[in-house]
Number of protein chains: 2
Amino acid sequence: MDHHSCQRQQADITQINRCKVRVAERSDTFTYLSKALELAGNPTRLKILYLLYKEKQLCVCDLSDILDMGISAVSQHLRKLKDREIINMTRQAQTLFYSVNREYNNLLKPFFRILDDQPSLALI
Amino acid sequence: MDHHSCQRQQADITQINRCKVRVAERSDTFTYLSKALELAGNPTRLKILYLLYKEKQLCVCDLSDILDMGISAVSQHLRKLKDREIINMTRQAQTLFYSVNREYNNLLKPFFRILDDQPSLALI
DNA sequence: TTATTATTTAAGCAATTGCTTAAATACGAT
DNA sequence: ATCGTATTTAAGCAATTGCTTAAATAATAA
């Protein structure tokens with residue numbers, strides 16, 4: 001479908017075409033990044049990811065306790081993260097431990113750093 | 001409401017309490033970051049943000065052309081970004097130009113860099 | 001085997017998202 | 001004033017999200 005109903009007279013055709021190329025060339029990267037950001041953009045999931053980053057590994061039960069949420073609700077967040085391979089799972093007896101996948105640990109590190117640098121409010 | 005129905009026997013109470021403190025101390029930062037990531041996590045909005053970053057400023061009409069989407073749809077994405085002050089707006093005659101707010105430009109720079117580093121598929 | 005513990009999965013539902021279409025607003029030119 | 005251009009805003013709706021509750025699965029212990 002065409003949408004170019006709006007063409008302002010001073011539109012810079014060169015700029016518009018350059019932008020179309022930028023987007024087209026990076027199509028896969030936009031998909032990759034937006035899927036990761038979409039998942040990290042939920043406050044509960046961002047907390048889960050940060051906690052896994054700090055503690056190396058946690059189980060659904062720990063997270064349920066920490067976040068004061070139902071186990072099932074947390075489990076479903078973990079499932080979404082696991083489905084996109086943002087986190088890994090390992091079993092130790094009955095307990096399933098989750099950890100952040102190395103690749104995504106690096107991708108999200110700038111945000112984890114911001115959370116690390118957070119000055120403690122407890123000092124006020 | 002209490003949710004701590006699950007208490008595995010080997011649960012590390014010290015770890016759980018440490019995590020609760022981590023989350024509580026960073027409550028505002030989690031909110032701030034997750035709101036930004038939530039907005040950047042939509043593929044259309046990530047493209048808009050990257051294009052504004054590269055081109056300094058664009059109007060809704062340019063973006064509509066580049067992304068092959070209706071002007072109204074793009075305008076509503078811009079509104080969400082403007083409401084959270086992720087982008088700024090300046091008028092030049094009839095045309096409204098949008099640009100990325102400096103603070104969020106820095107916050108999202110790691111992702112913009114990944115998009116910049118994207119090897120051109122045109123070379124294959 | 002049966003029970004217990006730890007967890008996932010399925011079903012259901014209210015709230016939110018992202019689009020479409022149509023109406024409203026704002027500035028500029030005649 | 002009136003018209004054209006550029007854009008936002010409102011209304012409506014299908015699709016998705018994130019929770020709850022209840023049922024299913026998996027490993028261990030008795």
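Residue numbering restarts at 1 for every chain, and letters A, B, ... go by the order of the sequence lines. Atom set for the values below is all heavy atoms of this structure, side chains included, hydrogens, waters and symmetry mates excluded. These numbers were taken from a predicted model, which means no experiment stands behind them.
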(message) Check for me, please, whether A:Ile114 and A:Leu37 land in the same ILVMFWY cluster - side-chain distances under 4.5 Å, paths through other members count.
(response) yes
(request) Quickly work out the B:Leu58 CG to D:dA6 P distance and round it to whole Å. (result) 15 Å
(message) Donor-acceptor check, side chain of A:Arg26 to backbone of A:Arg22, threshold 3.5 angstrom: yes or no?
(response) yes
(request) Quickly work out the A:Asp65 CG to C:dT7 C1' distance and round it to whole Å. (result) 15 Å
Contact list (N/O, under 3.5 angstrom) for nucleotides 8-17 of chain C vs protein:
| residue | atom | partner | partner atom | Å |
| --- | --- | --- | --- | --- |
| C:dT8 | OP1 | A:Tyr98 | OH | 2.0 |
| C:dT8 | OP2 | A:Ser75 | OG | 2.7 |
| C:dT8 | O5' | A:Ser75 | OG | 3.3 |
| C:dT9 | OP2 | A:Arg79 | NE | 3.0 |
| C:dT9 | O4 | A:Ser72 | OG | 2.7 |
| C:dT17 | OP1 | B:Glu38 | OE2 | 3.3 |

(request) Look at the side chain of B:Arg84 and the backbone N and O of B:Ile86, then say whether any donor-acceptor pair between them is shorter than 3.5 Å. (result) no
(request) Sorted by first residue and then second, give each side-chain hydrogen bond (donor to acceptor under 3.5 Å, both in side chains) pair with at least one member in residues 32-41 of chain B; sequence neighbours left out. (result) B:Tyr32-B:Glu103
(message) Show every ring-ring contact (aromatic ring centres under 6.0 Å, His included) that has at least one partner inside residues 38-57 of chain A, sequence neighbours left out.
(response) A:Tyr50-A:Tyr53, A:Tyr50-B:Phe30, A:Tyr53-A:Phe112
(request) Please determine which of B:Leu108, B:Asn42, B:Asn105 meets the side chain to side chain contact (heavy atoms under 4.5 Å, CB included) test together with B:Leu49. (result) B:Leu108
(request) Could you list the residues that satisfy side-chain contact (heavy atoms from CB on, under 4.5 Å) with B:Ala73, not counting sequence neighbours? (result) B:Met69
(message) Tell me whether A:Glu55 contacts the main-chain N or O of A:Leu51 through its side chain, where contact means a donor paired with an acceptor under 3.5 Å.
(response) no
(message) Tell me if a side-chain donor or acceptor on B:Asn17 pairs with a main-chain N or O of B:Thr14 at a distance below 3.5 Å.
(response) no
(request) Go along nucleotides 23-30 of chain D 5' to 3' and tag each nucleotide: B for a protein heavy atom under 4.0 Å from its base, S when only backbone or sugar atoms are that close, - otherwise. (result) ---SSS--
(request) Go through DNA chain D and write down every stem, that is, every run of at least three consecutive Watson-Crick or G-U wobble pairs with distances under 3.5 Å, as range with range. (result) C:1-27 with D:4-30
(request) Take the protein atom CG of B:Asp62 and the nucleotide atom C1' of D:dT5, then report the distance between them rounded to whole Å. (result) 14 Å
(message) Among A:Leu39, A:Leu52, A:Asn101, exactly one meets side chain to side chain contact (heavy atoms under 4.5 Å, CB included) together with A:Ile87. Which residue is that?
(response) A:Leu52
